[in-house]
Number of protein chains: 2
Amino acid sequence: MTSSQPLHLIISEKLRYRITQGDYPSGAQIPSEYQLMAEFEVSRITVRRAIANLVQQGLVMAQQGRGVFVTPQQKVTYSLSSPMVFFEADMARQGVVSTIQNLVFESILPPVQVQNLLELPKRSQVYFQKKLLLLNGAPVAVDLSYTLHRLGKTLARDLKRQMTFPMLEQHGVMIDRIETVIESTHANPEISDYLDVPLGHPLICYSYRAFNDQNQPIVCGEALSRGDRLCYSVVIRRDQSPD
Amino acid sequence: MTSSQPLHLIISEKLRYRITQGDYPSGAQIPSEYQLMAEFEVSRITVRRAIANLVQQGLVMAQQGRGVFVTPQQKVTYSLSSPMVFFEADMARQGVVSTIQNLVFESILPPVQVQNLLELPKRSQVYFQKKLLLLNGAPVAVDLSYTLHRLGKTLARDLKRQMTFPMLEQHGVMIDRIETVIESTHANPEISDYLDVPLGHPLICYSYRAFNDQNQPIVCGEALSRGDRLCYSVVIRRDQSPD
DNA sequence: TGAATACTATTGTTATAACAAGTTGGTTTT
DNA sequence: AAAACCAACTTGTTATAACAATAGTATTCA
């Protein structure tokens, strides 16, 4: 172990290799800190740093008192191609049950950016909602949305219980188009609590603005989802219409 | 500081607040480790852990011997909506110069998955390419691609110098459609070196498979880009064609 | 005046040590 | 048999300490 690379990186790379080679399969526990200390003849802090490197790469998750386990790799894909298919329908197509858990639902004065996105006059209120999205019962996303006040007020009960878009359409509010931006970001402490991921875990941030059939923006927001559980697909065509 | 939250988290949240409030603007240096030790009356390891939390959240970057600096926040957006616009054209539209730096270009026996994606008989070779994508001279993505052997062989010179798709079309190979999947993942040591990001940094993984106008898959691969520099946008329409 | 050296400041790595907190399995008590 | 207790195991936090490496500035020397 005389090398220009730090010990913690040498150890974490060796462990990573073992994981990718299947020595520690998905869900399996890797050796304890004390076992690794003995094996590699280093201090505990070096072992912990090596494990932290693996946690940061999403290869393992550590549970206090239990041990460090190889994370399962399983993702679902949501198609963003036109024609529009709402999230829960796409999930159902894949045999995945999607549900929500409402966290916050309140009338607020929106940030300026939201006001502009929803094309609202100054000092208009909107309904702010924070909800957890669960797939097969496990939290995979936190959704923060802003809905026109008149819709939020009349549909509050259902908005707290169902996914937004299909629910709006059930009530005759048709969604004509959704503008989206997809980015990758880091989990902050609040989000990492909700989604049970380590601080800094990669998230997909799916920002959206939905327009009704009068070309009026009615909802905007962003869904922060676990990068290891959800991904998006698009088909890009040379021309606008399909073959 | 008597609380149920660990000290390192309390401190990093305070620092994060200062950053978001503008006390330390983009590019500015935050107080040194010793200054923070004095301010918060904690050990150096606690301060370092707090700083590591900020690094993990992408808010700061640490440079040995120099200090810890607030990371600039600047992104470009690539539109995945149809009709197709290639990456470099979209960037040019935004006044951003995109260039590539070839790292590897070789004929290989492809992994089984690639073989299937390109619909190749067993034991066919493909051209594997690894290249760095730079925006305004700064590396933002590593691209790993597999191209049909006959194309790779005849167009090797240009493939090493230019972006793939416009170059193919210059040579009469039309791209009819691209199937994509977007996911979020973590930077491993190799990628973190190429892109100059910390281990575990969130990346967008943009996987693609491009078809020519005979509906034949000709290139597949993935671009791993910095989550803080590049994002994607899509417009989803209720119906297939635009209004 | 420019180059080389020394010093200071700052982050990076690794060690030992101690205590805290959570989990699990075995043993004892009811 | 079920509940409670306890010990062992395991990860989490924080401290002190020492050395390494890098960067920037000041001082010295040719």
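We name chains A, B, ... by the order of the sequence lines, and we start the count at 1 in each one. When reading the values below, keep in mind they use all heavy atoms of this one structure, side chains included, and skip hydrogens, waters and symmetry mates.
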Open item on the list: For a quick test of reading the model: is some side-chain N or O of A:Arg49 closer than 4.0 Å to OP1 or OP2 of C:dT14?
Closed with: no
Open item on the list: Rounded to whole Å, how long is the line connecting atom CD1 of A:Ile11 with atom C1' of C:dA15?
Closed with: 13 Å
Task: Shortest non-hydrogen contact from A:Pro189 toward B:Leu9 - done: CG-CD1, 4.0 Å
Task: Distance, rounded to the nearest Å, where A:Tyr34 contributes OH and D:dA8 contributes C1' - done: 12 Å
Open item on the list: With a 4.0 Å cutoff (strictly under), does any side-chain N or O of B:Arg66 reach OP1 or OP2 of C:dA9?
Closed with: no
TODO: Whole angstrom is fine here: how far is it from CE in B:Met61 over to P in C:dT10?
DONE: 18 Å
TODO: Looking at every strand, decide which applies to B:Ser32 at a 4.0 Å heavy-atom threshold: base, sugar-phosphate, or nothing.
DONE: sugar-phosphate
TODO: Can you tell me the distance, in whole Å, between the CD1 atom of B:Ile10 and the P atom of D:dG12?
DONE: 18 Å
- [ ] Quick one: sort the B:Phe105 and B:Tyr127 rings into parallel, tilted or perpendicular, breaks at 30° and 60°.
- [x] parallel
Task: Between D:dT14 (P) and B:Phe40 (CZ): distance, integer Å - done: 13 Å
TODO: Give a yes or no answer on whether the side chain of B:Glu88 reaches the backbone of B:Val97 with a donor-acceptor pair at less than 3.5 Å.
DONE: no
Open item on the list: Is there a side-chain contact between B:Thr46 and the phosphate of D:dT13, meaning an N or O under 4.0 Å from OP1 or OP2?
Closed with: no
Task: 5' priority, DNA chain C, between A:Val47 and B:Arg48 [closest heavy atom] - done: B:Arg48
Task: Residue pair A:Val126 / A:Pro110: nearest heavy atoms and the distance that separates them - done: CG2-CB, 3.7 Å
Task: Under-3.5 Å donor-acceptor pair between B:Arg44 side chain and C:dG12 base - done: yes
- [ ] Calculate the interatomic distance between A:Met37 atom CE and C:dA15 atom P; express it in whole Å.
- [x] 9 Å
Task: Whether B:Phe165 and B:Phe86 hold their rings parallel, tilted or perpendicular, with breakpoints at 30° and 60° - done: tilted
TODO: Kindly point out which of C:dT10, C:dG22, D:dA15 is positioned nearest to the side chain of A:Gln64?
DONE: C:dG22
Task: Closest to the B:His8 side chain, choosing from C:dT13, D:dT13, D:dA15 - done: D:dT13
- [ ] Let me know the distance between CD of B:Glu33 and C1' of D:dT16, rounded to the nearest Å.
- [x] 15 Å
- [ ] Can you tell me the distance, in whole Å, between the CG atom of A:Leu36 and the P atom of D:dT10?
- [x] 11 Å
Task: Proximal nucleotide (of D:dG12, C:dG12, C:dT14) relative to the A:Ala62 side chain - done: D:dG12
Open item on the list: Here's a test of your reading of the structure: between A:Ile45 and A:Gln63, which maps to the more 5' nucleotide of DNA chain D?
Closed with: A:Gln63
